[in-house]
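Lettering of chains follows the sequences in order, A, B, ..., and the numbering in each one begins at 1.
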Protein chains: 2
Amino acid sequence: MTSTDPKPGAPGVRPTRQRLAVAAALASVDDFRSAQEIHDLIAQQGDQVGLATVYRTLQRLSETGEVDMLRSEDGEAIWRRCSETHHHHHLVCRQCGATVEVEGPTVERWTDSIAAEHGYADISHTLEIFGTCPSCR
Amino acid sequence: MTSTDPKPGAPGVRPTRQRLAVAAALASVDDFRSAQEIHDLIAQQGDQVGLATVYRTLQRLSETGEVDMLRSEDGEAIWRRCSETHHHHHLVCRQCGATVEVEGPTVERWTDSIAAEHGYADISHTLEIFGTCPSCR
DNA sequence: TTATCTGCAAACATTTTGCAGCGAG
DNA sequence: CTCGCTGCAAAATGTTTGCAGATAA
């Protein structure tokens, strides 16, 4: 494999002003934010990016695993930059939103075995933990 | 307590034709359905109920714990009549919606220990498993 | 130059709400 | 009779898409 790969059909991602702005916004916060909120953050940074572009960028980032995307309780998509590159879950404070990323080989194994037991294939799962963090007690 | 309770301020739920139709639709299937799908089910039963009423009814039923409401992977609300009264999770088929209710003492114990480890209190969690069931493979 | 990206606005899908009329108790 | 319930259609979200023009390589 060579370092450059101009194969026809290869994506070729461009580091545009808009994408840098989204990345900067994501870098400036530690908690999960909606597309609207990220759009507002960019505006506060003095930048100007269309909302559709924010969506498209977040979508791409979550596909490549650079951000975590999950759904709030009312079904809205929320994103956060992801420090771990592999599958993991979140322990989120109900009060202040403080988030801890946790890994669960135990859980992964359990869901896989449950699924296998019932003959289900192509398994995925969602697991989020909510609680009150030490400083909010 | 008497059988009737006309206390001022008490809701006073009326068993109307529409609510019975929603209940019948929920009773006729075992899996999670969207509001639209439940609306269609009612139509197939030969009944006719407004979609807004379906939403209002499902909302009330989920508040009283008579149905489970959860979110599909794309953020859509889906409902199912609830057979278990205690905490449990779901293994849901992406294609046909076939659902298995599963219990996870393993998971409950794991989430509790993770939370304790980070000093979080008053813990709750959401866990849903999605896959393709045997008959949809 | 050329393929990708962006902005805008319109399209979409889901869910909520306002209001006049209907219906159960 | 009265209040709650329903239907309809409009509004409110949140998200996606089509397309012409801008832009990185």
Side-chain angles (χ1 to χ4, degrees), chain A residues 2-25 32-43 45-64 66-67 69-80, chain B residues 2-25 32-43 45-64 66-67 69-79 97:
Chain A
T2 56
S3 50
T4 53
D5 190 3
K7 188 178 70 179
V13 178
R14 294 180 186 169
T16 61
R17 176 182 66 78
Q18 290 83 344
R19 292 180 182 177
L20 294 175
V22 171
F32 283 90
R33 301 295 175 105
S34 68
Q36 286 282 359
E37 289 171 332
I38 291 167
H39 181 258
D40 293 349
L41 272 168
I42 293 171
Q45 292 171 171
D47 235 317
Q48 161 65 39
V49 177
L51 183 57
T53 301
V54 172
Y55 272 106
R56 285 187 277 233
T57 303
L58 289 171
Q59 218 150 35
R60 178 172 305 221
L61 288 174
S62 78
E63 274 163 19
T64 60
E66 292 169 68
V67 305
M69 188 266 251
L70 63 87
R71 300 250 167 212
S72 68
E73 286 197 333
D74 53 321
E76 199 181 2
I78 50 180
W79 289 271
R80 182 200 189 202
Chain B
T2 57
S3 51
T4 53
D5 190 4
K7 189 177 71 177
V13 179
R14 293 180 188 168
T16 61
R17 177 182 65 80
Q18 290 83 345
R19 292 180 183 179
L20 294 175
V22 171
F32 282 89
R33 302 294 175 105
S34 69
Q36 287 281 1
E37 289 170 332
I38 290 167
H39 182 256
D40 293 348
L41 271 169
I42 293 171
Q45 293 171 170
D47 235 317
Q48 162 64 38
V49 177
L51 182 57
T53 301
V54 172
Y55 272 106
R56 285 187 276 232
T57 303
L58 288 171
Q59 218 151 34
R60 180 173 304 222
L61 288 174
S62 77
E63 274 163 19
T64 60
E66 292 170 68
V67 304
M69 188 266 252
L70 63 86
R71 300 254 167 209
S72 67
E73 286 192 329
D74 53 322
E76 200 182 0
I78 50 181
W79 288 270

Student: Atom CD of A:Glu37 to atom C1' of D:dG14: distance rounded to whole Å?
Tutor: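 These atoms are roughly 13 Å apart.
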Student: So, does B:Tyr55 get its side chain near the phosphate of C:dT15, meaning an N or O under 4.0 Å from OP1 or OP2?
Tutor: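 Indeed, a polar side-chain atom of B:Tyr55 lies that close.
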Student: Between D:dA12 atom P and A:Asp74 atom CG, what is the distance in whole Å?
Tutor: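 Result: 18 Å.
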Student: For B:His39 and B:Val49, indicate whether the former's side chain and the latter's backbone hold a donor-acceptor pair under 3.5 Å.
Tutor: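 Answer holds: yes.
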Student: I need the CD1-C1' distance between B:Ile38 and C:dT14, as an integer number of Å.
Tutor: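 Computing the B:Ile38:CD1 to C:dT14:C1' distance gives 14 Å.
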Student: Between A:Arg60 and C:dC5, does any side-chain N or O lie under 4.0 Å from OP1 or OP2?
Tutor: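 True: A:Arg60 side-chain N/O within range (under 4.0 Å) of C:dC5 OP1/OP2.
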Student: Among the nucleotides C:dC5, D:dT6, C:dG7, which one has an atom lying closest to any side-chain atom of B:Gln18?
Tutor: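 Ranking C:dC5, D:dT6, C:dG7 by closest atom to the B:Gln18 side chain puts D:dT6 first.
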Student: Any side-chain donor-acceptor pair under 3.5 Å between A:Ser34 and A:Gln36?
Tutor: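 Side chains of A:Ser34 and A:Gln36: no pair found under 3.5 Å.
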Student: Can you check the B:Asp47 CG to D:dG7 C1' distance for me, whole Å?
Tutor: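 Answer to the nearest Å: 14 Å.
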Student: Give a yes/no on whether any side-chain N or O of B:Arg19 is located under 4.0 angstrom from OP1 or OP2 of D:dC5.
Tutor: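 Indeed, a polar side-chain atom of B:Arg19 lies that close.
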Student: In whole Å, what is the span from the CG atom of B:Leu51 to the P atom of C:dT17?
Tutor: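 It works out to 14 Å between those atoms.
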Student: Looking at A:Arg33 and A:Glu37, would you say the former's side chain and the latter's main chain have a donor-acceptor pair under 3.5 Å?
Tutor: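 Answer holds: no.
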Student: Does B:Arg17 put a side-chain nitrogen or oxygen below 4.0 Å from OP1 or OP2 of C:dG23?
Tutor: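 The answer is no; no side-chain N or O of B:Arg17 sits under 4.0 Å from OP1 or OP2.
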Student: What nucleotide, of C:dG25, D:dG14, C:dT15, holds the atom closest to the side chain of A:Glu76?
Tutor: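 Output: D:dG14.
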Student: Flag the pair A:Arg19 / A:Arg60 as yes when at least one side-chain heavy-atom distance between them is below 4.5 Å, and no otherwise.
Tutor: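 Yes, side chains in contact.
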Student: Between A:Gln59 and D:dT16, is there a contact of a side-chain N or O with OP1 or OP2 at under 4.0 Å?
Tutor: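 Result: yes.
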Student: Can you tell me the distance, in whole Å, between the CZ atom of B:Arg33 and the C1' atom of C:dT14?
Tutor: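 The distance from CZ of B:Arg33 to C1' of C:dT14 comes to 18 Å, rounded to the nearest Å.
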Student: Which nucleotide in the set C:dA9, C:dT15, C:dT17 lies at the smallest distance from any side-chain heavy atom of A:Ala52?
Tutor: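 Comparing C:dA9, C:dT15, C:dT17 against the side chain of A:Ala52, the answer is C:dA9.
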Student: Ignoring hydrogens and angles, are the base of D:dG4 and the side chain of B:Arg56 linked by a donor-acceptor pair under 3.5 Å?
Tutor: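 Between D:dG4 and B:Arg56, which were checked side chain against base, a qualifying N/O pair under 3.5 Å is absent.
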Student: Would you please confirm or rule out a distance under 4.0 Å between OP1 or OP2 of D:dG7 and any side-chain N or O of B:Gln48?
Tutor: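 No, outside the criterion.
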Student: Between B:Arg17 (side chain) and B:Gln48 (backbone), is there a donor-acceptor pair under 3.5 Å?
Tutor: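 Answer holds: yes.
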Student: Using atom CG of B:Leu20 as one end and atom C1' of C:dA24 as the other, report the distance to the nearest whole Å.
Tutor: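 Value for this atom pair: 12 Å.
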Student: For B:Arg71 and D:dG14, what is the distance between atoms CZ and C1' respectively, to the nearest whole Å?
Tutor: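 To the nearest whole Å, that distance equals 11 Å.
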Student: A:Ser34 side chain N/O closer than 4.0 Å to the phosphate oxygens (OP1, OP2) of D:dG14?
Tutor: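 For D:dG14, OP1/OP2 do not have a side-chain N/O of A:Ser34 under 4.0 Å.
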Student: For B:Thr53 and D:dG7, is the shortest distance between a side-chain N/O and OP1 or OP2 below 4.0 Å?
Tutor: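 Answer yes for this pair, as a side-chain N or O of B:Thr53 is under 4.0 Å from OP1 or OP2.
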Student: When you measure from the side-chain N and O atoms of B:Thr16 to the phosphate of D:dG4, is any distance below 4.0 Å, counting only OP1 and OP2?
Tutor: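 Answer is no, no contact under 4.0 Å.
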Student: A:Glu76 side chain to A:Arg71 main-chain N or O, any donor-acceptor pair under 3.5 Å?
Tutor: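 Pair absent, no side-chain N/O of A:Glu76 close to backbone of A:Arg71.
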Student: Look at all strands and tell whether A:Ala35 reaches a base, only sugar-phosphate, or nothing, counting heavy atoms closer than 4.0 Å.
Tutor: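 Here A:Ala35 touches no strand at all.
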Student: So, is A:Gln36 near the phosphate of D:dT15, with a side-chain N or O under 4.0 Å from OP1 or OP2?
Tutor: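 False: A:Gln36 side-chain N/O out of range (4.0 Å or more) of D:dT15 OP1/OP2.
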